[in-house]
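Handing you a structure now.
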Amino acid sequence: MPGLKQRLLLLGFLALSVGALGLYHFKLRGEMASPADVAASLAQGVAWIWPRSNGPLRWQGLDLRYREAAVLVESLRLTADAVEHGGRKQRLAVPESVRLLPVVHVETGDAAPDALSEAQSRTIIRALLRQAPAARAGAGMVQLDFEAPRRQRQSYIALVTALRAALPPEVRLSITALAHWCSEGDWLDRLPVDEVVPMLYRLGDDAAQWRQRFAQPAARLSRRCQGPAMGFATDEPPPRALLARIERPYWFDNAAWSNPALPPGNLEMLR
């Protein structure tokens, strides 16, 4: 059994450790972007708008401005041998000055194959080609939002390569990327895309560590994952240091910007 002096020293050390840890977490909270920081960042960036929402107007009591709206217009779900279709079915309301960026979302069902079939790949590519005219009239870019599991990695690379070849040269291609993709070698750097948007939200128990990792300029991450584009969520703000160096921030709001979509009407994306 340790003596009284040793026990007192141990208790003192534990108290200092707990205090230092609390101070560290307080410091981290203080470094997180404030609502005003988020609004200022959005004014220079892109608002992600999902099917049940319109463009953001006010948030946390602040008037919101934004240059571009990345609008999910088609949603595809891969099954064992087919593709299920969904997406936006309401008219879109955003300010006239906002440029539109069409987004096609793809998700993998449990029964989807490791290797996409030719028919599935064609369906995804055709969905993005349908949005090329809207992209030309808007932001000049389409976005593929496909969180492909590791087992579909090779199919994903082949899909993106074929998609770039199929799109008109004047239409740029953006892809979203899961945070952990950025730490798995340089495969993202080799994709024929104009933009990679790492999504720094919904990261689970390791969220703080991932955000701090991305905030380090010399982090061992894929080159394309270190800017200029990066995706954030309004309820999980990043460190101010990270936000300050991102030239093209994308913002997602889990509450659909508290601005629901209009009733079904004109099914075209353009307002």
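All heavy atoms count here, side chains included; hydrogens, waters and symmetry mates do not. We number each residue from 1, following the sequence as shown.
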| query | Would a 4.5 Å heavy-atom cut-off, applied to side chains only, mark L78 and F146 as touching? | reply | yes
| salt bridge (charged side-chain N to carboxylate O under 4.0 Å, His left out) contacts touching residues 45-54 (sequence neighbours left out) | none
| field | Sequence-distant partners of S75, side chain to side chain donor-acceptor pair (under 3.5 Å), two or more places apart | value | none
| Heavy-atom side-chain proximity of N54 to P260 below 4.5 angstrom |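 They are not in side-chain contact.
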| Considering residues at least two apart in sequence or located in another chain, which fulfil the ring pair (Phe, Tyr, Trp, His ring centres under 6.0 Å) criterion with W181? |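 Only Y156, W187 meet the ring pair (Phe, Tyr, Trp, His ring centres under 6.0 Å) criterion with W181.
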| said: With a 4.5 Å cut-off on side-chain heavy atoms, are Y66 and Q44 touching? | reply: no
| remark: Across all chains, not counting sequence neighbours, the side chain to side chain donor-acceptor pair (under 3.5 Å) partners of R150 are E184
| request: Any chance you could measure H105, atom NE2, to L144, atom CG, to the nearest 0.5 Å? | output: 10.0 Å
| field | Sequence-distant partners of R248, salt bridge (Lys or Arg N to Asp or Glu O under 4.0 Å), two or more places apart | value |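 For R248 the salt bridge (Lys or Arg N to Asp or Glu O under 4.0 Å) partners, ignoring immediate neighbours, are E68, E195.
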| query | Are I49 and R88 side-chain neighbours, meaning at least one heavy-atom pair lies under 4.5 Å? | reply | yes
| said: Enumerate the disulfide bond (SG atoms under 2.5 Å apart) contacts for residues 57-108, please, sequence neighbours excluded, ordered by first and then second residue. | reply: none
| said: Going by disulfide bond (SG atoms under 2.5 Å apart), name the pairs with one or both residues in residues 100-190, residues two or more places apart or in two chains. | reply: C182-C225
| task | Please round to the nearest 0.5 Å and tell me the distance separating atom CG of L116 and atom OG1 of T108. | result |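 Separation between the atoms: 7.0 Å.
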| message | Between Q212 and P239, is there a side-chain heavy-atom distance shorter than 4.5 Å? | response | yes
| query | Side chains of D145 and T176: is there a donor and an acceptor less than 3.5 Å apart? | reply |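 There is such a pair (donor and acceptor under 3.5 Å, judged by atom type) between the side chains of D145 and T176.
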| message | Tell me whether D37 is salt-bridged to R240, with the criterion being a basic N under 4.0 Å from an acidic carboxylate O. | response |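 Between R240 and D37 there is a salt bridge, with a charged N closer than 4.0 Å to a carboxylate O.
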| Residue pairs fulfilling disulfide bond (SG atoms under 2.5 Å apart) with at least one residue in residues 48-110, sequence neighbours excluded |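 Passing the test, one end in residues 48-110: no pairs.
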| said: With rounding to the nearest 0.5 angstrom, report the OH to CE distance, Y250 to M230. | reply: 12.5 Å
| field | Contact check, side chains of R136 and E170, non-hydrogen atoms, under 4.5 Å | value |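 Yes, their side chains come closer than 4.5 Å.
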| message | Please enumerate all residues that pass side chain to side chain contact (heavy atoms under 4.5 Å, CB included) together with E84, with sequence neighbours excluded. | response |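 Partners of E84 by the side chain to side chain contact (heavy atoms under 4.5 Å, CB included) criterion, ordered by chain and then number, come out as R77, T79.
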| field | pair W48-M199: side-chain heavy atoms closer than 4.5 Å | value |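 W48 reaches M199 side chain to side chain.
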Distance-only donor-acceptor hits, side chain of residues 121-129, under 3.5 Å, sequence neighbours excluded:
unit_1, atom_1, unit_2, atom_2, d
S121, OG, S117, O, 3.4
T123, OG1, A119, O, 2.9

| task | Answer yes or no: is there a side-chain heavy-atom contact under 4.5 Å between V103 and V71? | result |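 Result no, sub-4.5 Å side-chain heavy-atom pair not found.
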| Q226 side chain to L221 backbone, donor-acceptor under 3.5 Å | yes
| message | Closer than 4.0 angstrom, basic N to acidic O: yes or no for D189 and R224? | response |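 Judged by the 4.0 Å cut-off on N to carboxylate O distance, D189 and R224 do not form a salt bridge.
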| request: Test side chain to side chain contact (heavy atoms under 4.5 Å, CB included) on L64 and W251 and set out the steps. | output: CA-CA 12 Å; L64 296 178; W251 283 97; over 6 Å; no
| Verdict with reasoning, E74 to R130, per salt bridge (Lys or Arg N to Asp or Glu O under 4.0 Å) | CA-CA 10 Å; E74 293 198 51; R130 280 194 291 273; 2.8 Å; yes
| said: Please list all pairs meeting disulfide bond (SG atoms under 2.5 Å apart) that have one or both residues in residues 77-130, counting only residues at least two apart or in different chains. | reply: none
Tabulate below the donor-acceptor pairs under 3.5 Å that side-chain atoms of residues 201-209 make, not counting sequence neighbours, or state none.
unit_1, atom_1, unit_2, atom_2, d
R202, NH1, D235, OD1, 3.4
R202, NH1, E236, OE2, 2.5
R202, NH2, N254, OD1, 3.3

